[in-house]
Number of protein chains: 2
Amino acid sequence: MSSEKQNTKKEILAITIPLFAKSGYAGVSMRQIAKAVDLQAATLYYHFPDKHTLYIEALTQTFNKHADFMKESFTLQASSEQRLHQVIQQLCTLINGDTDFSKLMQREIMGGDKKRLQFLADHVFAGFFRDMNELCLSFAPDQDPHLMTVSVLGLIAYHFQITPIRSFLPGFQASHNDSEVIANHVFSLLKTVTK
Amino acid sequence: MSSEKQNTKKEILAITIPLFAKSGYAGVSMRQIAKAVDLQAATLYYHFPDKHTLYIEALTQTFNKHADFMKESFTLQASSEQRLHQVIQQLCTLINGDTDFSKLMQREIMGGDKKRLQFLADHVFAGFFRDMNELCLSFAPDQDPHLMTVSVLGLIAYHFQITPIRSFLPGFQASHNDSEVIANHVFSLLKTVTK
DNA sequence: GTCTATAAAGGGATAGAC
DNA sequence: GTCTATCCCTTTATAGAC
């Protein structure tokens with residue numbers, strides 16, 4: 001509790017998260033991490049028992065960061081169309097503002113560890129997903145709510161996933177990387193489903 | 001040209017692709033590959049100069065496999081709505097039938113090597129993407145064609161991306177993993193945009 | 001074309017000084 | 001809490017026999 005060095009652990013995590021997001025667990029060595037944090041590799045083991053624990057803590061922190069949003073994004077009382085619009089905008093802002101979150105999620109899904117996926121589903125997404133199902137049911141009653149929720153999420157997430165390659169694809173304009181432009185586009189698509 | 005051993009190289013690639021897809025470049029060792037192919041690790045170096053080249057060839061083969069579809073999916077002369085329906089179905093079949101393709105693509109995008117992304121964009125997706133832009137323009141003239149193309153692709157791709165975690169999410173039913181069910185859902189969403 | 005053996009480098013992790 | 005030094009294992013890659 002004494003001084004500035006209590007922050008080291010948090011600093012390590014902060015610097016490690018983007019490394020794991022970009023290159024994956026196996027793609028980052030403890031030595032690389034140490035270099036990025038400007039410490040000796042051995043020092044990392046004072047703060048974390050091993051590499052796996054460091055990764056799990058990085059993962060946990062990245063997901064916890066958005067736990068509040070996941071729970072409080074549906075407080076607004078309004079028409080389902082207005083709520084949809086708001087949720088789309090918030091999701092775009094969230095995903096655009098934290099690329100690491102999406103990447104780590106993608107990597108976890110591809111890795112396919114069932115226990116971890118079960119955990120992520122239950123403790124990170126369940127509440128949010130349930131709210132989304134409900135919202136979808138109210139603005140698109142003809143659609144299966146689970147499929148509809150995935151569609152809305154995919155419609156948003158994919159635009160940010162492909163950001164690194166987007167500028168090389170036909171028809172690209174700088175505005176296509178803008179969070180608000182994407183949000184408006186997605187909403188304009190989905191509101192035709194509403195009526 | 002003599003005998004059965006000319007196939008070794010192709011066999012190595014065939015077995016390597018799913019390994020790289022699931023665990024990424026750094027997540028797979030030459031020894032693991034050798035074991036999976038039932039060869040000694042040193043033998044791999046007779047067929048490929050190094051690991052990187054093996055990976056690039058695996059990548060290339062995976063993408064080339066679909067080059068034909070990417071070029072010939074738009075020959076059908078019909079209403080834009082019918083063509084959209086057909087393209088959606090074909091994309092679902094393709095993505096559902098080759099998980100490795102999507103995973104390798106995702107990993108490439110997350111890795112962020114600009115030269116490789118430029119190459120993939122130009123040599124794998126450019127033609128297809130251009131056709132999609134055109135199709136989008138004809139069935140949804142009010143939307144930006146580039147954004148609309150990405151939306152259609154994301155709407156489809158995301159459903160398959162999340163397959164491993166889907167069964168843990170609220171509202172899941174077994175049918176949600178079915179390629180045809182997804183295709184019909186996506187089309188039913190998009191056709192409301194058409195009118 | 002595949003093997004055994006091995007070199008050379010890099011990886012995770014620990015011991016002990018400060 | 002951070003360092004240096006080091007252990008031990010795995011990794012990529014090569015040399016040379018068959």
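Letters A, B, ... mirror the listed sequences (proteins, then strands); counts begin at 1. Heavy-atom basis, side chains included; hydrogens, waters and symmetry copies ignored.
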Can a side-chain donor-acceptor contact be found between [Y] and [X] if the only test is distance below 3.5 angstrom?
| X | Y | result |
| --- | --- | --- |
| A:Asn96 | A:Thr93 | no |
| A:Thr62 | A:Asp100 | no |
| B:Gln161 | A:Gln161 | yes |
| B:Thr53 | B:Asp50 | yes |

Grab the [atom1]-[atom2] distance between [X] and [N] for me, whole Å please.
| X | N | atom1 | atom2 | value |
| --- | --- | --- | --- | --- |
| B:Glu11 | C:dG1 | CD | C1' | 13 Å |
| A:Arg31 | D:dT10 | CZ | P | 15 Å |
| B:Ile33 | D:dT10 | CD1 | P | 17 Å |

Side chain to side chain contact (heavy atoms under 4.5 Å, CB included) between B:Tyr45 and B:Met30: does it pass, once the steps are laid out?
CA-CA 9 Å; B:Tyr45 291 88; B:Met30 294 298 267; 3.5 Å; yes
Any salt bridge linking B:Glu81 with B:Lys191? Criterion: basic side-chain nitrogen under 4.0 Å from a carboxylate oxygen.
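A salt bridge is absent here (no side-chain N lies under 4.0 Å from a carboxylate O).
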Please confirm whether [X] and [Y] have ring centers closer than 6.0 angstrom.
| X | Y | answer |
| --- | --- | --- |
| A:Tyr55 | A:Tyr25 | yes |
| A:Phe63 | A:His123 | no |
| B:His159 | B:His185 | yes |

Name every residue in residues 50-59 of chain B that has at least one heavy atom under 4.0 Å from any atom of DNA chain D, in order of residue number, or write none if there are no such residues.
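Of all residues in residues 50-59 of chain B, the ones placing a heavy atom under 4.0 Å from DNA chain D are B:Asp50, B:Lys51.
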Rounded at 0.5 Å granularity, tell me how far CG in A:Leu153 sits from SG in A:Cys136.
8.0 Å
Given the rule in the side chain to side chain contact (heavy atoms under 4.5 Å, CB included) test, do A:Leu54 and A:Thr16 qualify, once you have shown the distances and angles that lead to the verdict?
CA-CA 9 Å; A:Leu54 169 52; A:Thr16 303; 4.2 Å; yes
So, does B:Tyr46 get its side chain near the phosphate of C:dT2, meaning an N or O under 4.0 Å from OP1 or OP2?
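No, outside the criterion.
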May I ask you to evaluate whether B:Ser29 reaches the phosphate of D:dT11, defined as a side-chain N or O under 4.0 Å from OP1 or OP2?
yes
With the threshold set at under 4.0 Å for non-hydrogen atoms, list the residues of residues 35-45 of chain B touching DNA chain C in residue-number order.
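Result for residues 35-45 of chain B: B:Leu39, B:Gln40, B:Ala42, B:Thr43, sorted by number.
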Residues in contact with DNA chain C, drawn from residues 15-26 of chain B - heavy-atom cutoff 4.0 Å
none
